[in-house]
2 protein chains.
Amino acid sequence: MTTLSNGAAASEPAPERSRQWPTMVDVARASGASLKTVSRVVNGEPGVRPVTAERVQRAIAELGFQRNDGASMLRRGSSTASIGMVLEDFSGPFYAMLAGAVERVARDRGYLMLTGAAENDPERAARLVAAFTARRVDGLIVAASRADHSDLDDCIPAGTRAVFVDRPSRRGDADSVSSDNEGGTRAAVRHLVDLGHTSLGFLGADEHSWTIRRRLDGYRSAVRADPAIDPQSVERIAMGPHDDDTIAAAWSSWTSGDNPVTALVTANNRATLALVRFLRSHPEIRVGYVGFDDFEAAELIQPAVTVIAQDADEIGRRAAELLFDRIAGTAAAAQHVVIPTRLIQRDSGRR
Amino acid sequence: MTTLSNGAAASEPAPERSRQWPTMVDVARASGASLKTVSRVVNGEPGVRPVTAERVQRAIAELGFQRNDGASMLRRGSSTASIGMVLEDFSGPFYAMLAGAVERVARDRGYLMLTGAAENDPERAARLVAAFTARRVDGLIVAASRADHSDLDDCIPAGTRAVFVDRPSRRGDADSVSSDNEGGTRAAVRHLVDLGHTSLGFLGADEHSWTIRRRLDGYRSAVRADPAIDPQSVERIAMGPHDDDTIAAAWSSWTSGDNPVTALVTANNRATLALVRFLRSHPEIRVGYVGFDDFEAAELIQPAVTVIAQDADEIGRRAAELLFDRIAGTAAAAQHVVIPTRLIQRDSGRR
DNA sequence: TTGTATGCGTTATCAC
DNA sequence: GTGATAACGCATACAA
């Protein structure tokens, strides 16, 4: 049983000091080489006699030495080769794909990703950012788009690179990437009009969300711009979250007068699924609809749901690349990248 | 413009040395206090005169100082207060929920989570583990359940705490948490038999996956144990991945002889969706089925899909708690926690 | 080819 | 109360 430089026994992990790893000093002692020589071997530097290197390697293997990257980076003054990602939650398919895309880019560049969920709590988001910067991440991807989180922007130290997803930064100096939310709902409205609908409604979601408000803007502007659409449609807006009751209330109010609503645009996945569920329990209601955000089962539901699809993968990729450009030092003006949406026509548009 | 101790100007981030943060030495200089006094203030240690503390605080605010947690942890010899999570991918709903649950527990305990996806590549998984341990994470959650990843187990240094999700460790000394996969498919078979089916088939998935093999085991044992079931059912097994063609081939072979298959068990979400899609394009085929793993739209598809639901949230929570117990030093024998599955009866069982 | 001494940003010891 | 000084694990001038 070897005794380590820090006084612990190699085979017995100490309880509170997390775990005692062998250090380069231990390797040096075990191999009879000096600290510097060990360092050379570990970092693959030239100028070590093969025999010596061999001895050191053996000691490394025997002790199970692994370099402490934290200490290495501290001494080098180099970056931590890590980024932090704040997302709203993990389980939404959009955020999950986003995180996957970001991590892929990060990994390709040799970076590690720290991740945390804001879960609708601005304070939690702020704590995450603080924890990330305290660990000196090289950059931040902020994908927590609720307006409440905008205080977050001030928590990000000046000079810390950050890219915002689905919402621009309140401070204008940060890059952002988002879907073409307005264009998406505009396309949805156009599609419904093409199908013969002239009286529409908007089934919203969280009104504090920046994306949801952009989608609402798109709906409003498309409705206003088209003289064929009943102007009442501009006011037929029900923000969420929705369940059977809220949808029933909106529906009965929108169909009680003359020129009743015949088609809906839903603002996100949740709203779409709430509507589908509502229609299941009210088979007598016939309505055309287009949902924002695609989902795996959209084509399996009957009628298959026509959607405005976001390219979460592309959004994540672009956001990460933008961040790494910043990290590399590209000092250009803040960019606001808008990723196109795509209307996937299935059957739910006609009623 | 203040000049920092490391020679960079506060307002101009240096290009390659990632970013120059003010250090305690800078704060000390700016406030006229000593390094140790600054440290005391930063850490809330007693024995500082209020006036002095005030002066230091002001300097901290002015410089935008934030303690370098990496350096702090190095000096303290304390843990890094971080865990690493290796998952198969981000976008699968199961892994996404898992990651969310783990991060929630970690955050509650003041830990940060590093995450990376193995994406079917054993080498990538190994590199992730190496990167995590090089940063001295306090523990690992391994949720990469393909059998190919089992080499991974040897990459985890002895003494590094790890909890395996959905697969036990090859080295027996690590905790694991998984669904009751065998019990799940047994319940599925029982359900189908209750509905009157006596000739079954199994639509599998990746045969290298430990979970898929357990589900297959459950199917086989349930079929063998029940004399009411046609023994041919034990061999009616088609491993995946599946598309229309593979399912068509299996189906025609399983229904060509006498006592044709009338019901199927699908091994995971992907297989279930492939079957649903297949049945869409072959409306003449009528078959009962139960899918492993619930999905949001399962109740919206017609017929609504009966599933064996896994409790991903509970699995993640238990795995994380097990890990933190280990980190806290609870030195008990390795535990293998099995989380029950739940049959959610909808309509797809009867044909 | 190899080793010694110093410092990264922080905390701990101990003296003033 | 306060402040020199050493040390955490590692890399780097520079000397041998």
Side-chain angles (χ1 to χ4, degrees), chain A residues 4-8 14 16-56 60 63 65-81 133-136, chain B residues 4-8 14 16-56 60 63 65-81 133-136:
Chain A
L4 263 34
S5 60
N6 38 33
E16 69 252 340
R17 290 174 69 86
S18 84
R19 167 142 151 43
Q20 298 300 355
W21 289 81
T23 73
M24 285 196 177
V25 174
D26 298 315
V27 175
R29 268 221 312 261
S31 65
S34 81
L35 176 59
K36 175 60 195 171
T37 300
V38 173
S39 174
R40 274 191 266 260
V41 172
V42 168
N43 293 303
E45 285 169 30
V48 180
R49 234 188 328 157
V51 208
T52 321
E54 172 65 28
R55 256 195 2 255
V56 172
I60 287 176
L63 292 173
F65 168 82
Q66 197 176 7
R67 187 182 61 181
N68 182 332
D69 276 0
S72 169
M73 286 158 174
L74 175 62
R75 170 61 238 242
R76 284 184 139 101
S78 69
S79 88
T80 56
T133 54
R135 304 216 179 190
R136 298 296 187 263
Chain B
L4 262 34
S5 61
N6 37 34
E16 68 251 342
R17 290 174 70 87
S18 84
R19 164 140 153 48
Q20 298 300 354
W21 289 81
T23 73
M24 285 195 178
V25 174
D26 299 313
V27 175
R29 268 221 312 261
S31 65
S34 81
L35 176 58
K36 177 60 194 170
T37 298
V38 173
S39 174
R40 276 192 265 258
V41 172
V42 167
N43 294 301
E45 285 170 29
V48 180
R49 232 187 330 158
V51 208
T52 320
E54 172 65 25
R55 255 191 7 251
V56 172
I60 287 177
L63 292 174
F65 169 82
Q66 198 176 7
R67 186 183 62 182
N68 183 331
D69 277 1
S72 168
M73 286 158 173
L74 174 61
R75 173 58 242 237
R76 283 185 140 100
S78 68
S79 89
T80 57
T133 54
R135 305 217 178 190
R136 298 295 187 263

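A, B, ... follow the sequence lines: proteins, then strands. Residue 1 opens every chain.
The end-to-end axis angle of the helix from C:dT1-D:dA16 to C:dC16-D:dG1, rounded to 10 degrees and based on five pairs per end, is 40°.
Rounded to whole Å, atom P of D:dA4 lies 14 Å from atom CZ of B:R29. Atom pair A:Q20:CD and D:dC8:P shows a separation of 11 Å (rounding to whole Å applied).
The closest side-chain heavy-atom distance from B:V27 to B:L63 is below 4.5 Å. For the pair A:V41/A:V38, no side-chain contact is recorded, criterion being any heavy-atom separation below 4.5 Å from C-beta on.
At least one donor-acceptor pair closer than 3.5 Å links the side chain of A:R136 to the backbone N or O of A:T133.
Here A:D69 pairs with A:R67 under the side chain to side chain donor-acceptor pair (under 3.5 Å) rule; sequence neighbours left out. Contacts of A:R135 classified as salt bridge (charged side-chain N to carboxylate O under 4.0 Å, His left out), with partners at least two apart in sequence or in another chain: none. With sequence neighbours excluded, the residues forming a side chain to side chain contact (heavy atoms under 4.5 Å, CB included) with A:R55 are A:A33, A:T52, A:R58, listed by chain and number.
For residues 38-53 of chain B, the salt bridge (charged side-chain N to carboxylate O under 4.0 Å, His left out) pairs, not counting sequence neighbours, are B:K36-B:E45.
Residue B:T37 places at least one side-chain N or O closer than 4.0 Å to OP1 or OP2 of D:dG3. For the pair B:T52 and D:dT2, the criterion of a side-chain N or O lying under 4.0 Å from OP1 or OP2 is met.
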Intermediate values then yes/no, side-chain contact (heavy atoms from CB on, under 4.5 Å), A:S79 and A:M73: CA-CA 7 Å; A:S79 88; A:M73 286 158 174; over 6 Å; no

Nucleic acid footprint by protein, nucleotides 10-16 of chain D - heavy-atom cut-off 4.0 Å, B for base, S for sugar-phosphate alone: BBBB---

